[in-house]
Amino acid sequence: MTREITFREAVCEAMAEEMRRDPKVILIGEDVGPSGGIFKCSEGLFDEFGPERVIDAPISEAGYVGVSVGAAMTGLRPIAELMFGDFSLLTMDQLVNQAAKIRYMTGGQCKVPLTVRLTMGAGRSSAAQHSQSLHALFSHIPGLKVVIPSCPADAKGLLKSAIRDDNPVLVFEDKMMYNDSGPVPEEEEAVPLGRAESRRSGTDVALVATSSMVGLALEAAEILAGEGVQAEVVDLRSLFPLDKDALVDAAKKTGYVVVVDEGARRFGVTGELASIIQEHAFDWLDGPVVRVAAADVPVPFSPALEMPTIPDAALVVEAVRGLRGRGD
């Protein structure tokens, strides 16, 4: 059985279920307690689990993420919430030099079952320091796992898998999707990390997308269908582990691929995905892999300037038209 709930409710439900299931799971972050979090993703958890398991942290990301790493090393399963993904840059030593490395440096004697929830995405006039999508940066770091849910069901299922994982996992949630609703199973259902999902079947072009860009890809696919072009839409769901087989299979099936991601174009997710497809499916391609990404500029505060920096469905449609025209 399924019901319609919001992305925000799915995140909260996942944390509540895992905290009930395992007393070692704790939540720590700024304003996650009585106020329910800046985006209200932890609403009600303080009342149910109390201040020892839902911990309001001071405004020191480096401090409480460091505490979370230590807590994970000593047997707890912390969920550390960062209000904005931009603030993750204050935790680089804790995440990159400590959490990601300890299991390897101890020969597996020490684990870091840490989940970090953080936001990504622009579109709400939060300006350059609160609107970045930094998921590619952490996907570059061996020892870290990175997941990017695109719908409420995956927001819940991927988060549950992240919390149960014995490795540090970063869960990037697009802040523009918190109010989006979608079907979510009533029963507990963990979504495996590293397994992509086809959201729409097609044979003419593959649209490989991440996070909120999956919705744009589906919107573009509807427009293209009206032009007689049937687009396959592939939702990656995880950046690491990455479902490379899904990328290659989509390329082989359609011959044309457009990859869509909200991170900046240069040295980003789209470049990595394009490279994998070119390396492993080159003989099946009828044209180059085309990339659609955010503009390589700091995100403007003004909506009139901000919105053109973010990919939209029209840009994806234009990319497909140009690709197929060039290929034909």
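Because the structure is a prediction, the values reported are computed rather than measured.
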Query raised in the report: So, S126 and R124: side-chain donor and acceptor under 3.5 Å apart, yes or no?
Result: yes
Query raised in the report: Do the side-chain N and O atoms of D261 and T270 include a donor-acceptor pair separated by under 3.5 angstrom?
Result: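 Absent: no donor and acceptor within the cut-off.
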Tell me if the [atom1] atom of [X] is crowded by more than 12 foreign heavy atoms within 6.0 Å.
X	atom1	answer
R164	CZ	yes
K101	NZ	yes
E188	CD	yes
F39	CZ	yes

**Report entry** Heavy-atom donor-acceptor pair, S42 side chain to V32 backbone, under 3.5 Å
**Finding:**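 Yes, because the side chain of S42 sits within donor-acceptor range (under 3.5 Å) of the backbone of V32.
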Query raised in the report: Got a donor-acceptor contact below 3.5 angstrom from the T309 side chain to the E306 backbone?
Result: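 Yes: the side chain of T309 pairs with the backbone of E306.
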Taking all heavy atoms of [X] and all of [Y], pick out the closest pair and write down the distance.
X	Y	result
A153	V184	N-CG2, 3.6 Å
M120	S211	SD-OG, 3.8 Å
K253	G202	CE-O, 3.1 Å
P58	Y64	O-CD2, 3.7 Å
G121	S133	N-OG, 3.1 Å
A220	L207	CB-CD1, 4.4 Å

**Report entry** Aromatic plane relationship, H130 with F84 - under 30° parallel, 30 to 60° tilted, over 60° perpendicular
**Finding:** perpendicular
Min side-chain heavy-atom separation [X]-[Y] under 4.5 Å:
X	Y	value
P168	L95	no
E189	K160	no
V205	V229	yes
E262	T210	no

Are any of the side-chain nitrogens in [X] or [Y] under 4.0 Å away from the carboxylate oxygens of its partner?
X	Y	value
R3	E186	no
R200	E222	yes
R21	E18	yes
D31	K40	no

Query raised in the report: Out of curiosity, does M176 fall in the hydrophobic cluster containing F7 (side-chain heavy atoms, cut-off under 4.5 Å, transitive links)?
Result: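 In one cluster: no.
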Query raised in the report: Among the clusters formed by ILVMFWY side chains lying less than 4.5 Å apart, do L273 and V234 turn up in the same one?
Result: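 Cluster IDs for L273 and V234 match.
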Query raised in the report: Passes salt bridge (Lys or Arg N to Asp or Glu O under 4.0 Å), E48 versus R20? Steps please.
Result: CA-CA 10 Å; E48 180 174 353; R20 293 179 194 126; 2.7 Å; yes
Report task. Report the C-alpha distance between D86 and Q132 in whole Å, list the side-chain angles of each, state the deciding distance to 0.1 Å, and finish with yes or no for side-chain hydrogen bond (donor to acceptor under 3.5 Å, both in side chains). Result -> CA-CA 6 Å; D86 314 68; Q132 298 172 89; 2.8 Å; yes
